[in-house]
Amino acid sequence: MNDIVFKNVCKSYDGKVNVIENLNLTIPAGQRLILLGPSGCGKSTILRMIAGLESITSGDLYMGGVRVNDIEPGDRDVAMVFQNYALYPHMTVNKNIQFGMEIAKVPKAERDKQTDWALEILGLSEYKERLPRQLSGGQRQRVALCRALVKKAPFFLLDEPLSNLDAQLRTSARAELVKIHEVYHPTFIYVTHDQIEAMTVGQNIVILDKSIIQQMGTPDEIYNKPANVFVAKFIGSPCMNVGDARVADGKLWIGEDGVEIPDDWKVIIGDRSRIKFGIRPEHIDFAEGSGDVHAKVTYTENHGNKLVVAYVSGGNEMMACLDPFYKLGDDMYMNIQWDKIHFFDADTDKNIGYPAR
Ligand code: ADP
Ligand code: MG
């Protein structure tokens with residue numbers, strides 16, 4: 001079984017502070033897993049430890065049941081694609097893809113077969129004899145993917161491979177990546193700081209902040225039940241509104257406005273007097289004239305199919321996606337949708353849970 005297991009893994013560069021602190025993570029064989037987090041949180045370091053390109057300072061790393069701490073990169077059976085996928089400029093597409101197999105002394109007939117197979121999957125068959133400079137950026141990146149694909153390695157590692165592509169190409173490339181995984185189901189680890197890429201490509205997502213795992217779950221779990229404020233704000237665009245509220249007399253107070261808390265939520269909120277609430281911009285229910293909580297529109301942005309509105313309520317700045325009819329300075333009322341709201345502990349930022357429904 002080609003699973004990957006980190007046990008109490010720490011990594012420091014030059015004996016200085018740990019950039020990875022006590023990592024415990026199991027990546028099941030054949031899974032498409034995303035490592036997601038802001039720049040500098042340690043994603044590449046984790047991937048490079050799997051590839052064997054970085055040493056492990058302490059702890060154990062197992063791949064396919066074997067402890068690999070001291071195994072050379074060349075003996076780990078990994079294929080890796082980087083953001084800067086240098087192709088050999090003087091070699092044709094065909095040659096670029098075959099080169100690694102030539103070094104590995106794969107017989108010519110087999111090399112040709114594998115190359116044609118990979119080119120077909122990535123829609124590059126007709127570009128086989130071109131040089132890299134005769135290709136677009138997206139095509140070059142697909143050649144780099146072909147080059148990794150022909151290795152048919154049980155571990156497929158990708159480090160922000162789409163960052164150099166423009167937005168439209170990134171969208172189509174995401175589908176190619178899923179397709180590659182479906183071809184032979186390698187254990188697939190994909191590093192990105194882009195939450196949309198993570199949500200669309202991942203079967204499971206690990207969210208990191210400052211080298212600590214914040215949550216691991218399916219895209220749905222992470223979107224619907226974020227473990228803490230960091231995850232809640234990292235996933236979704238525009239991001240989740242998280243504001244401060246008070247709890248008193250059975251009511252949730254946002255600024256001067258108090259809203260009766262339903263009984264099932266009261267049990268979850270307990271005896272807290274301060275709390276953070278979270279509402280996604282797409283879940284805001286605004287009303288004119290009257291409603292639960294007063295708000296004032298401070299900014300509007302036309303996105304064509306929707307209006308993104310910033311507003312202030314009880315001192316909290318928030319965003320909403322609405323039908324386009326509000327304007328700057330409008331007085332609005334926000335109705336709390338109790339089946340769409342999230343609550344976080346005011347001190348720890350941790351999600352306090354949800355009523356069973
Ligand atoms: P990410 O890929 O999430 O952006 P990295 O894994 O590249 O993050 O880096 C994590 C941390 O380790 C960063 O603070 C970075 O500055 C540091 N770091 C990465 N590589 C080295 C290195 N070779 N020497 C010293 N520090 C490094
Ligand atoms: Mg990186």
Side-chain angles (χ1 to χ4, degrees), residues 4-27 31-61 63 68-70 72-73 76 78-86 137 140-141 144-145 148 155-167 169-170 173-174 177 187-202 204-217 219 222 226-237 239:
I4 298 176
V5 181
F6 284 88
K7 278 204 180 137
N8 304 322
V9 168
C10 296
K11 168 73 186 173
S12 61
Y13 289 102
D14 319 320
K16 295 202 192 102
V17 285
N18 281 347
V19 296
I20 298 298
E21 189 107 36
N22 207 29
L23 178 67
N24 284 290
L25 173 65
T26 296
I27 305 169
Q31 187 169 90
R32 215 158 57 235
L33 181 107
I34 312 291
L35 293 177
L36 174 69
S39 180
C41 72
K43 305 179 296 294
S44 294
T45 302
I46 294 173
L47 204 67
R48 291 170 62 83
M49 286 193 290
I50 298 171
L53 302 173
E54 289 294 348
S55 64
I56 289 164
T57 309
S58 67
D60 303 300
L61 172 61
M63 292 167 69
V68 295
N69 289 46
D70 304 314
E72 291 296 315
R76 290 194 189 194
V78 300
M80 188 155 172
V81 183
F82 300 91
Q83 177 179 349
N84 298 314
Y85 43 87
R140 270 180 247 159
Q141 181 57 294
L145 287 172
F155 304 99
F156 205 97
L157 314 180
L158 303 104
D159 193 351
E160 313 229 15
L162 309 185
S163 310
N164 287 348
L165 306 184
D166 64 43
L169 274 171
R170 278 215 298 271
R174 293 202 296 256
L177 291 174
T187 308
F188 185 101
I189 304 163
Y190 185 90
V191 162
T192 181
H193 64 272
D194 180 323
Q195 49 104 5
I196 308 225
E197 248 168 67
M199 294 291 281
T200 50
V201 176
N204 258 307
I205 302 175
V206 171
I207 300 199
L208 294 148
D209 183 35
K210 301 188 187 90
S211 86
I212 309 277
I213 294 180
Q214 305 294 314
Q215 187 170 5
M216 176 167 177
I222 282 178
N228 56 35
V229 170
F230 176 85
V231 175
K233 295 187 99 160
F234 202 78
I235 297 285
S237 172
C239 75

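Both counts, for ligands and for their atoms, begin at 1 and track the order of listing. We use all heavy atoms of the structure for the numbers below, so side chains are in, but hydrogens, waters and symmetry mates are not. The structure presented is a predicted model; accordingly, all values stated were derived computationally and were not measured.
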G40 N/O to ligand 1 N/O under 3.5 Å: yes
Ligand-residue contact atoms, ligand 1 with K43, heavy atoms, under 4.0 Å: 1 (P), 2 (O), 3 (O), 4 (O), 6 (O), 8 (O)
Spacing of CZ belonging to R48 relative to CE belonging to M80, to within rounding of 0.5 Å: 6.0 Å
Q195 CD to I34 CD1 distance, which is reported to the nearest 0.5 Å: 12.0 Å
Reported CG-to-CD1 distance for the pair L25 and I50, which is rounded to 0.5 angstrom: 7.5 Å
Ligand-residue contact atoms, ligand 1 with S44, heavy atoms, under 4.0 Å: 1 (P), 2 (O), 6 (O), 7 (O)
Closest protein heavy atom (residue, atom, distance) for atom 8 (O) of ligand 1: G42 N, 3.3 Å
Identity and distance of the protein heavy atom lying nearest atom 12 (O) of ligand 1: V19 CG1, 3.1 Å
Atom 2 (O) of ligand 1: any protein heavy atom closer than 4.0 Å: yes
Under 4.0 Å to a heavy atom of S39 - the qualifying atoms of ligand 1, by number: 4 (O)
Atom 22 (C) of ligand 1: nearest protein contact (heavy atom, Å): Y13 CD2, 3.3 Å
Side chain, backbone, both or neither: T45 near ligand 1, heavy atoms under 4.0 Å: both
S44 near the Mg ion (ligand 2): N/O/S under 2.8 Å: yes
Protein contact for atom 15 (C) of ligand 1 (heavy atom, distance under 4.0 Å): no
Partner set under side-chain hydrogen bond (donor to acceptor under 3.5 Å, both in side chains) for R174, not counting sequence neighbours: T200
Side chain K43, main chain H193, donor-acceptor under 3.5 Å: no
4.0 Å heavy-atom contact, G37 with ligand 1: no
Cation-pi, Y13 ring and K11 (6.0 angstrom, 45 degrees): yes
Under 3.5 Å: donor-acceptor pair, side chain of N228, backbone of F230: yes
Q215 side chain vs A227 backbone, donor-acceptor pair below 3.5 Å: yes
